[in-house]
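Notes for the one structure printed next.
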There are 2 protein chains.
Amino acid sequence: MGNPTSGQEATDHVAKILREAIRAGEMAPGHRLVEFDLADRYGVTRAAVRGALLDLTGEGLVERIANRGARVRVIPLEEAVQIVECRAALEGLCAARAAEHVQDADRELLRAIGAGMREAVGSGDVMSYSKLNQQLHAHILRLSGQKVAAGLLERLNAQIVRHQFRLSLRPGRPQTSLPEHLALIEAVCSGDAPAAERAAREHLASVAEALRRSTEEK
Amino acid sequence: MGNPTSGQEATDHVAKILREAIRAGEMAPGHRLVEFDLADRYGVTRAAVRGALLDLTGEGLVERIANRGARVRVIPLEEAVQIVECRAALEGLCAARAAEHVQDADRELLRAIGAGMREAVGSGDVMSYSKLNQQLHAHILRLSGQKVAAGLLERLNAQIVRHQFRLSLRPGRPQTSLPEHLALIEAVCSGDAPAAERAAREHLASVAEALRRSTEEK
DNA sequence: GGCGAAGAAAGTGTCAACAATCCTGAGAGC
DNA sequence: GCTCTCAGGATTGTTGACACTTTCTTCGCC
């Protein structure tokens, strides 16, 4: 089952590795992605790397300049804010739909996540909180049944994970976002679609605001 | 200046032709896209066609199955409805922002489009109405300054133009959508962001509803 | 006649060499 | 000291042949 050195599978494999590396910040924005080096490092052909870079370009994670190669795309703060605004619109939609579809089992699950979040913030465990945050959003998307919106959100999220991760490390940020998350959970669980939409949008408006503020300071 | 037979330029050229052909319905959903044939028809190399198909796949217009080639993707009605719902969320955002940025020159332009629409519907000129419709949406996007949302909407629109075009030909449909468009224009012009968002969302909710209904009949 | 294997046909997928392009830095000329 | 030019090297872009997969067709066998 050793990964092949080329082919569609290899392309996907490399794309996955690179996505993860970019997400984790191992490859900083602006970092050059030389086809030959990557092929060498991951033991695949240059064609596979090339394909992966093409894919990632389509996803907006990588930027290519003709004859000059690819690099990790730098997402300006202004764009990151717009991305969050789009997320607000789309997650608002999903939260509303999720509230319409919620079942008892889902309520239990969501509230368990909420409890975990409260605990994580209480003990200052930022990593756990971040994980639960992802789980929460993922569950709401699944509940909403909105596959198109989920696809768009996945793309958008991949582009700003770095910005958002940095944000989550700021002192006081979890204390701000926790009540917003809890409000979202309660709104969805109560089946109140307009309230759920409002909660999702308010939460993301708060993220956008925090992002904007992070320009001045830093 | 004759178009090259290969290279990035040729790839883009072919992608553009295919996009247009799919949009115009010359290539029905499900239509097979054989690399060699297309290369022959458009006088480019197979590599160029291949690249174009890869791009279009990323845009969701084309579907590829390993070793079996590409075909025009069939967008099920259920998905088309979800796309319209996403559009509602995103265009709502854009309409609100547009209302915040609107200037006198823009008001004149938007109202001129509105007047043109009224006239087109009055004289039953569906083609003009459709064109003006596109112009209206494009202007609102530009006004909003939301480049990210504009990019997402472009992708989404490309996927459902066919559904939407068929819809616009239904008797009575223009009469329904005209007042919605006029309301949107007035809301944006008056600078009332929440009203503009509401108008955009109501309009697209009506489109979604019409789409859903078109399943039963036909 | 029905069934399945084998072979041909149609297309797509891959590769490795080659071509084109862009950056770098050294050196000539002003 | 400054600019301009031009090899040289590093990297990306392209190509055409070939390998592989899937599908279609034919033919032999029961």
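Computed from heavy atoms alone, side chains included, the values below leave out hydrogens, waters and symmetry copies. Residue numbers begin at 1 in each chain, while the letters A, B, ... track the order of the sequences.
Looking at which nucleotide of DNA chain C each of A:Ala66 and A:Ala47 is closest to, the 5′-most match is held by A:Ala47.
Between the base of D:dG13 and the side chain of A:Arg64 there is no donor-acceptor pair shorter than 3.5 Å. If you check distances only, the side chain of B:Arg68 never reaches the base of C:dG13 with a donor-acceptor pair under 3.5 Å.
No contact: B:Leu53 has no heavy atom under 4.0 Å from any strand. Nucleic acid contact class of B:Leu38 (heavy atoms, under 4.0 Å, all strands): none.
Comparing D:dT15, D:dT12, C:dT14 by their closest approach to the side chain of A:Glu35 singles out D:dT12. The B:Asn67 side chain lies nearest to C:dG13 when the options are C:dC15, D:dT11, C:dG13. Of the candidate nucleotides C:dG11, C:dT14, D:dT12, C:dT14 has the atom nearest to the side chain of B:Arg50. With distances taken from any side-chain atom of A:Thr45 to the nucleotides C:dT12, C:dA17, C:dC15, the minimum falls on C:dC15.
The number of heavy atoms from other shown groups lying within 6.0 Å of CD (B:Glu154) does not exceed 12. Within 6.0 Å of atom CD in B:Gln103, 12 or fewer heavy atoms from other residues, nucleotides or ligands are found, so the atom counts as exposed in its surroundings.
If you take CG of B:Leu33 and C1' of C:dA10, they are 16 Å apart, rounded to a whole angstrom. Straight-line distance from the CG atom of B:Leu54 to the C1' atom of C:dG13: 11 Å, rounded to whole Å. Between the CD1 atom of A:Ile65 and the P atom of C:dC22 there is a distance of 11 Å, rounded to whole Å. Counting to the nearest Å, the P atom of C:dA20 and the CD atom of B:Gln8 are 18 Å from each other. Rounded to whole Å, atom P of C:dC22 lies 22 Å from atom CZ of A:Phe36. Rounded to whole Å, the distance from CD on A:Glu9 to P on C:dT14 is 10 Å. Rounded to whole Å, atom P of D:dT22 lies 14 Å from atom CZ of B:Arg32. Atom pair B:Arg46:CZ and C:dG11:P shows a separation of 11 Å (rounding to whole Å applied).
Under the side-chain contact (heavy atoms from CB on, under 4.5 Å) test applied with B:His163, the options B:Leu211, B:Val81, B:Val207 reduce to a single match, B:Leu211. When each of B:Lys131, B:Gln135, B:His137 is checked for a side-chain hydrogen bond (donor to acceptor under 3.5 Å, both in side chains) with B:Asn133, only B:His137 meets the rule.
Ion pairing between a basic and an acidic side chain is recognised when a charged N comes within 4.0 Å of a carboxylate O; A:Glu197 and A:Arg201 show such pairing.
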